[in-house]
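Read the structure below first, then the notes.
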Amino acid sequence: MVVIVSATPVFPSKNNFVKALLKKHGEITTIVHNINSSNTNLMLGEQNHILFGKGYIEDELCGCAFRISPASFYQVNPIQTEVLYNTAIEYANLTGKEAILDAYCGTGTIGIIAAKKAKQALGVEVNEKAVKDAVSNAKRNKASNIFFIEADATDLMKDLAKEKEHFDVVFMDPPRAGASREFLNALVRLSPKKIVYISCNPKTLQRDLEILTVNGYKADMIQGVDMFPFTEHVECVTLMTKK
């Protein structure tokens with residue numbers, strides 16, 4: 001999938017551009033023109049125009065099929081993503097009886113894969129388009145025991161803790177900035193037995209683990225996964241258990 005982002009809808013000779021691109025790269029299955037006129041740090045705008053193909057791609061991960069739209073987050077290294085997710089689910093040590101929460105769930109990848117080994121699962125994601133993909137992905141993989149909510153993860157965590165909802169395992173895969181203090185406070189109040197934290201930034205991971213440690217959790221295992229070869233970046237999976 002190729003997503004071309006411009007500040008205006010104007011795209012001179014777009015048909016010729018698409019033909020030339022497809023001629024040079026036959027592996028492309030869809031091309032989308034995204035318009036982002038806002039002056040912010042967001043990469044994508046709200047408007048998408050499909051120039052070629054279906055406007056989305058599909059990939060298989062850990063035995064599940066996933067639909068990926070332009071605005072949906074998806075790991076760029078699918079081979080190592082399987083290592084990453086399998087490590088996370090192995091750390092959770094699911095028996096089929098657990099209630100799990102997948103925070104920052106994106107297109108539902110971790111939650112849907114984990115739901116196979118759990119009693120029930122809930123995914124939360126603030127991106128409307130990603131949630132639509134997640135619901136579609138759950139149906140496609142016949143995962144009838146997982147549900148998705150479009151909401152801010154912190155707000156939902158607060159509500160769940162207030163209602164005294166029970167979760168055995170919380171998977172969390174926040175952006176590079178890590179989790180907010182508010183989110184971590186709500187997570188502590190929710191009081192799951194296990195937290196499986198997937199992080200793409202060791203610095204914010206350290207900060208967040210220190211907060212969780214002070215609040216009754218301990219880090220049992222941590223594993224680095226090289227998602228970005230030949231760079232300094234690494235993803236980490238950490239298992240935190242309630243003391």
Side-chain angles (χ1 to χ4, degrees), residues 73 75 81 83-106 108-126 134 145-225 227 233-243:
F73 172 80
Q75 295 282 2
T81 300
V83 176
L84 183 74
Y85 288 177
N86 283 332
T87 301
I89 292 166
E90 179 188 329
Y91 278 7
N93 194 24
L94 301 170
T95 64
K97 299 178 181 178
E98 294 85 3
I100 65 174
L101 175 64
D102 181 10
Y104 312 96
C105 71
T109 46
I110 299 172
I112 290 170
I113 295 165
K116 290 181 178 181
K117 299 183 178 182
K119 183 179 180 181
Q120 60 186 29
L122 175 67
V124 56
E125 169 61 46
V126 73
N145 63 336
I146 185 167
F147 305 91
F148 296 96
I149 294 177
E150 180 194 333
D152 178 81
T154 301
D155 293 340
L156 182 68
M157 294 288 281
K158 285 181 182 176
D159 291 341
L160 292 172
K162 188 177 179 181
E163 296 296 324
K164 297 184 179 178
E165 294 287 349
H166 171 74
F167 289 93
D168 300 288
V169 181
V170 172
F171 290 92
M172 53 182 290
D173 187 3
R176 287 189 64 78
S180 68
R181 185 62 185 258
E182 237 184 335
F183 175 93
L184 294 172
N185 288 340
L187 177 59
V188 169
R189 287 199 299 274
L190 196 61
S191 192
K193 295 175 186 175
K194 298 175 185 176
I195 300 168
V196 181
Y197 190 147
I198 300 172
S199 169
C200 59
N201 187 346
K203 288 183 179 179
T204 54
L205 174 64
Q206 177 191 350
R207 179 200 66 200
D208 294 349
L209 294 189
E210 286 174 354
I211 294 169
L212 290 170
T213 300
V214 169
N215 284 280
Y217 285 86
K218 60 175 180 148
D220 283 339
M221 293 186 279
I222 184 165
Q223 175 65 56
V225 180
M227 299 287 289
H233 299 289
V234 66
E235 296 247 352
C236 294
V237 186
T238 306
L239 171 65
M240 302 287 288
T241 56
K242 195 166 176 59
K243 293 177 187 175

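For the numbers below, each heavy atom of this structure counts, side chains included, while hydrogens, waters and symmetry mates do not. Quick caveat: nothing in here was measured; it's all calculated off a predicted structure.
For the atom pair D155 CG and I149 CD1, the distance stands at 12.0 Å (nearest 0.5 Å). Taking CG of D208 as the reference point, atom CG of L184 lies at 4.5 Å (rounded to 0.5 Å). Separating the CG atom in L239 from the NZ atom in K194 is a distance of 6.5 Å, to the nearest 0.5 Å. Between atom OG of residue S180 and atom CG of residue D152 there is a gap of 7.5 Å, rounded to the nearest 0.5 Å. If you take CD on Q223 and OG1 on T87, they are separated by 6.0 Å, rounding to the nearest 0.5 Å.
Using a 4.5 Å heavy-atom threshold, the side chains of N145 and K119 count as separate. Side-chain contact between V188 and L212 is present, with at least one heavy-atom pair separated by less than 4.5 Å. Within the 4.5 Å cutoff, the side chain of L84 has heavy atoms near those of the Q75 side chain. V237 has its side chain within reach of V196: a pair of non-hydrogen atoms, C-beta onward, lies under 4.5 Å apart. Taking 4.5 Å as the limit, every side-chain heavy atom of D102 sits out of range of all side-chain heavy atoms of L122. Looking only at side-chain heavy atoms (C-beta outward), I195 and M172 come within less than 4.5 Å of each other. Using a 4.5 Å heavy-atom cutoff, the side chains of V234 and M227 are not in contact. Contact of the L101 side chain with the F171 side chain is not registered, since no non-hydrogen atoms from C-beta on lie closer than 4.5 Å.
The two residues T204 and A177 come nearest to each other via the heavy atoms CG2-O, 3.5 Å. Considering every non-hydrogen atom in both A92 and V169, the closest pair reads CB-CG1, 4.1 Å. Across every non-hydrogen atom of S199 and P202, the tightest pair is OG-N, 4.3 Å. Shown here for L190 and F167, the closest heavy-atom pair between the two residues is CD2-CD1, 4.0 Å. Of all the heavy atoms in M157 and A186, the pair that sits closest is CB-CB, 3.6 Å. Here the closest non-hydrogen pair linking P175 and C200 is C-SG, 4.4 Å.
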N201/L205 under side chain to side chain contact (heavy atoms under 4.5 Å, CB included): CA gap, chis, key distance, verdict:
CA-CA 6 Å; N201 187 346; L205 174 64; over 6 Å; no
One pair to check against side chain to side chain contact (heavy atoms under 4.5 Å, CB included): T241 and K218. What are the steps and the verdict?
CA-CA 6 Å; T241 56; K218 60 175 180 148; 3.6 Å; yes
Passes ring-ring contact (aromatic ring centres under 6.0 Å, His included), Y217 versus Y197? Steps please.
CA-CA 12 Å; Y217 285 86; Y197 190 147; over 10 Å; no
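Side chain of E125 to backbone of G106: a donor-acceptor contact under 3.5 angstrom is found. At least one donor-acceptor pair under 3.5 Å links the side chain of E98 to the backbone N or O of G96.
Taking 4.0 Å as the cut-off between side-chain N and carboxylate O, E182 and K158 count as a salt-bridged pair.
Partner of M240 under the side-chain contact (heavy atoms from CB on, under 4.5 Å) criterion, chosen from T213, L187, D220: T213.
Residues that satisfy the side chain to side chain contact (heavy atoms under 4.5 Å, CB included) test with N185, not counting sequence neighbours, are R181, R189.
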Quick one: side chains of residues 109-117, donor-acceptor pairs under 3.5 Å with protein atoms, not counting sequence neighbours, listed by atom name and distance.
{"residue": "T109", "atom": "OG1", "partner": "Y85", "partner atom": "OH", "Å": "3.3"}

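For the salt bridge (charged side-chain N to carboxylate O under 4.0 Å, His left out) condition, no pair includes a residue of residues 233-243, sequence neighbours left out.
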